[in-house]
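Following: one structure in structure tokens, then a few remarks.
All residue numbers refer to positions in the sequence shown, counting from 1. The basis for the numbers below is simple: all heavy atoms, side chains too, and nothing from hydrogens, waters or symmetry mates. Note that ligands are numbered from 1 as they come in the structure, with each ligand's atoms numbered from 1 the same way.
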Amino acid sequence: MRDFSNHATDRDPDRDVEITNIETCVLEGNFEWNLVRVHTDAGVVGLGESYRGGGVTDLVEYMKRFLIGENPLDVERLFRRMVQETSGHGGTTGKVVTAATGIEIALWDVAGKLTGLPVYQLLGGKYRDEVRVYCDCHAGEAYELEDGYEAVHDEDAYAPEAYAAEAERVADMGFTALKFDLDQPADNRPDPYNGRVSNAALERKREVVEAVRDAVGFEIDLAFDCHWDYSLDSAKRLCRALEPYDLMWLEDVIPPENTDAQREVTRRSPVPIATGENRFRVHEFKELLYDFGVDVVTPDPSTCGGLAESKAIASRAEENYIVFSPHNVCSPVGTMACVHLGACVPNFDVLEYHALEVDWWDDLLVRDEPLIEGGYIEVPETPGLGIELDEAVAREHLLDPGTMFG
Ligand SMILES: [Mg+2]
């Protein structure tokens, strides 16, 4: 097995630093937010976040055995070490990469704090001072919090008027780009398994998109997410039906595994097609980007391998003049990591914000101003990610009380 431990030992003594501990905790936001903290013998502590859901904290705990004692400044080598050391048990993809991702983000925070530079500077420099955010919206009462997950309870809320009203409300907050879910309960009729959209369901979707477009006008960018639901024929019919509404993108129209089918949809669609949130590391984006299987690539930087890996994916997209708009359902911690990424990627367009219903979103970080203002997040100029966790607020929202960074 290739050995990715430290073989380059000639380094300025000021940067001869060691990782001393790695801790995790899970916050219950609208998703389960996996936070990661890396301690060093220089007294500097880095904060990161892995994509939501179970199993991640156990994997982070497992990885401590080959990270403690390592130099946190070797961020990219350490990511490769995590993948290599776990490659026999799935380390090249999936949850293991997601766990490594939260550590990678925390390592960038450490590196920035040790060198006195913001993370975007370490990643290659800045193209923009603020990062545009799109707001993930939910129609009417179709979405509510229940044990941290969404609960659909009222089919009337899927009426076009409900979407239009919510679009208007969110656009009035200053967002210049919105996204709605376009998969609906009616898609399950008459058959919930085959992915074919009936004419009635297709027309209902068209009416929803038309209502939202009419409500906010053509100045607002609009995207719709289909969550991998449809068969190839239905995907093509849906794309054709939505052509008049000049969408920013239509997302995940077909299931995610088959890149040939994805390319078929993208090449035949008059609407820009987005996908990428369930792929890991540059390797799983190769055909998608080089065979023009996507118009807007949407990796999730908190799951796909971290900031360096996301930058590599963005670079491959840029080679092919493909726009990069990251998926994001993180807390403000992972969101700010994405902001540094957005600052340093030339083909970046817009970053997802998916926590409109979390009323303590702005309280989780110690800061005076709201994070999002006028649909943008300012790129921090302070070292590292430029954020400080409000631990008292975090403690109030722990998934398991008493497990704060333990
Ligand atoms: Mg999506």
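- At a threshold of 4.0 Å, the pair Arg367-Asp390 does not count as salt-bridged, since none of the basic side-chain nitrogens sits closer than that to a carboxylate oxygen.
- The backbone N or O of Ile273 sits less than 3.5 Å from a side-chain atom of Asp295, completing a donor-acceptor pair.
- Listed by chain and residue number, the protein N/O/S atoms under 2.8 Å of the Mg ion (ligand 1) are Asp225 OD2, Glu251 OE2, Glu277 OE1, with waters left out.
- Using the six-membered ring where Trp is involved, Trp361 and Tyr353 have ring planes that are perpendicular, over 60° apart on the 30 and 60° scheme.
- Closest approach of Leu385 to Ile105, counting heavy atoms only: CD1-CG2, 4.0 Å.
- Taking CZ of Phe224 as the start and OH of Tyr245 as the end, the distance is 10.5 Å to the nearest 0.5 Å.
- Nearest heavy atom pair, residue Cys338 against residue Leu351, reads CB-CD1, 3.5 Å.
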